[in-house]
Number of protein chains: 2
Amino acid sequence: MAVPEAVTTALRLVDEDGLDSLTMRRLAAALDVQAGTLYRHFATKQTLLAAMAEEMLAGCAGPLPDGLTWREQITELAGRLRMALLRHRDGARVHAGTHSVGPNTLSYTDTLVGVLRETGLSPEAATRTALTIVHFIVGHTLEEQAAQALAESTELPATLTLLHAALDPGTYPNLAAAEATLTSTDFVGHFAHGLNLIIKGLAGE
Amino acid sequence: MAVPEAVTTALRLVDEDGLDSLTMRRLAAALDVQAGTLYRHFATKQTLLAAMAEEMLAGCAGPLPDGLTWREQITELAGRLRMALLRHRDGARVHAGTHSVGPNTLSYTDTLVGVLRETGLSPEAATRTALTIVHFIVGHTLEEQAAQALAESTELPATLTLLHAALDPGTYPNLAAAEATLTSTDFVGHFAHGLNLIIKGLAGE
DNA sequence: ACCTGAACACCGTTCAAGT
DNA sequence: ACCTGAACACCGTTCAAGT
């Protein structure tokens, strides 16, 4: 049993059945090994999840095309992280639930901080801004994948009805006006809006 | 057994031992009841968690003091949500893992969208901006509480050493410059920086 | 109407013993 | 050195039967 295969197999299992169905026993079975054997390679399930989170970020810090403005560089890097999380079912949850210090994760942050420093920000401001961007991406993608999961579940009609019923204009006047946007599935648009807000804030400094 | 007591007891158990230790059986024992009894009041554990998330937001949408600028109103509302999540151990994880459509959650979003509309934003722009702010808060607080948990765990020295060792200026030049900020515990400062970036972006529209 | 007792089908993790 | 087999101490959820 090799560690890299175990990690990619674990990601495949998550893609097939969701994070809640990933168990050490199921992974062991998929690798044709006893459950206990996994603990020779991963100290705990958390360690396995961190390795999965790290693997998901492969390529995210790759070289940026030449000739991009700093705005485009930030947009490109942010888009890559979002896509990396979206590529696997429950990817944002896997990422948010762990704290990887592997090379993919580290070089992604390094690259993002670098782009921000080139705009003239101090190391501290660049780091805080990078954190802001990453936190927004993770929060956004968590929500995006939760919406995806809900859309595929049987609870969708019930939730939508409940939401719609709650949207009494007398009680929640702004929510009534927001309903179309809240129930829209234009996550690309939502993501771009949020990221542009942050980028615009940056330009104002 | 009453539902409100069950929810507050569940939150107390989370505060004492963390979210991973909250089980239906432990909660049942704390309520002096059999585990099966809980399923008469909550269809699944997810339902219980959603009720806990909803309870955490009590008061968050309360009236804003008079005379605040819109910037101050946004800052006040954002700070309330962050504080509500911080008030309970693993609060951000509880919130992020559920999708409440209860009155506390709905009226919080309603209030935030309302403040943003008053700045002149369209319903769509106001809604998207509210989502951006909430996603940032959730992403930030998830990280903040993960750092808290790490700080209280025995893995802290190992992680810090690993991180420091990885910070070779030749490999990660920007991370080396970012280390002080990345390892700082000034989460109030980080939060203010991110939120101000978004608010500044808003002012530019 | 509400709760108990007991079961079903699982978990993560550990560790002696085998090869 | 690496894996198996088996166990330990749990899980979420269901449901007949009691009161």
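Within every chain, numbering begins at 1; the chains are lettered A, B, ... in the order of the sequence lines, protein sequences first and strands thereafter.
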- prompt: Got B:L81 and B:M56 here, is their nearest side-chain heavy-atom distance under 4.5 Å?
  reply: no
Contact between A:F42 and A:V3 at the side-chain level, heavy atoms closer than 4.5 Å - yes or no?
yes
Quick test: give all pairs of protein nitrogen or oxygen and nucleotides 7-13 of chain D nitrogen or oxygen below 3.5 Å, distance rounded to 0.1 Å.
unit_1	atom_1	unit_2	atom_2	d
D:dC11	OP1	B:T23	OG1	3.4
D:dG12	OP1	B:M24	N	3.2
D:dG12	OP1	B:K45	NZ	3.1
D:dG12	OP2	B:M24	N	2.9
D:dG12	N7	B:R25	NH1	2.5
D:dG12	O6	B:R25	NH1	2.8
D:dT13	OP2	B:Y39	OH	2.6
D:dT13	OP2	B:K45	N	2.9
D:dT13	O5'	B:Y39	OH	3.3

Check nucleotides 16-19 of chain C against the protein and report each pair of N or O atoms closer than 3.5 Å, with its distance, or say if there are none.
none

Exercise. Tell me whether the OP1 or OP2 atom of C:dC2 has a side-chain N or O from B:T37 closer than 4.0 Å.
Key: no
Margin query: Side chains of A:L163 and B:L106, heavy atoms from C-beta outward: is any pair under 4.5 Å?
Written below: yes
Check your understanding: What integer number of Å spans the C1' atoms of C:dC8 and D:dC10?
Key -> 15 Å
Quiz item: Any side-chain heavy atom of B:I137 within less than 4.5 Å of one from B:F191?
Solution: yes
Given Watson-Crick and G-U pairs under 3.5 Å, DNA chain C in dot-bracket ([ ] crossing, | other strand) is ||.|||||...|||||.||
Taking A:R89 first and then A:E16, would you say they form a salt bridge - that is, a charged N and a carboxylate O separated by under 4.0 Å? no
Atom CE of B:M1 and atom P of C:dC3 are separated, to the nearest Å, by 7 Å
In whole angstroms, the gap separating P of C:dT14 from CZ of A:F42 amounts to 15 Å
Here the distance between atom P of D:dC15 and atom CG of B:L38, to the nearest Å, is 17 Å
**N/O (side chain, B:H41) to phosphate O (OP1/OP2, C:dC3) under 4.0 Å** = yes
B:T47 versus B:T44, side-chain donor and acceptor atoms under 3.5 Å
yes
**Message:** For a side chain to side chain donor-acceptor pair (under 3.5 Å) check, start with the C-alpha distance between A:T129 and B:H193, then their side-chain angles and the critical distance, and finish with the verdict.
**Reply:** CA-CA 7 Å; A:T129 302; B:H193 179 94; 2.9 Å; yes
Counting only side-chain N and O atoms of B:Q34, is one of them less than 4.0 Å from OP1 or OP2 of C:dC3? no
| said: Tell me whether B:E5 at atom CD has more than 12 heavy atoms from other residues, nucleotides or ligands lying less than 6.0 Å away. | reply: yes
Q) Heavy-atom count around A:E72 CD within 6.0 Å, excluding the residue itself: above 12? A) yes
Donor-acceptor pair between B:E124 and A:T181 side chains, under 3.5 angstrom:
no
Could you tell me whether B:D110 and B:R117 have a side-chain N and a carboxylate O separated by less than 4.0 Å? no
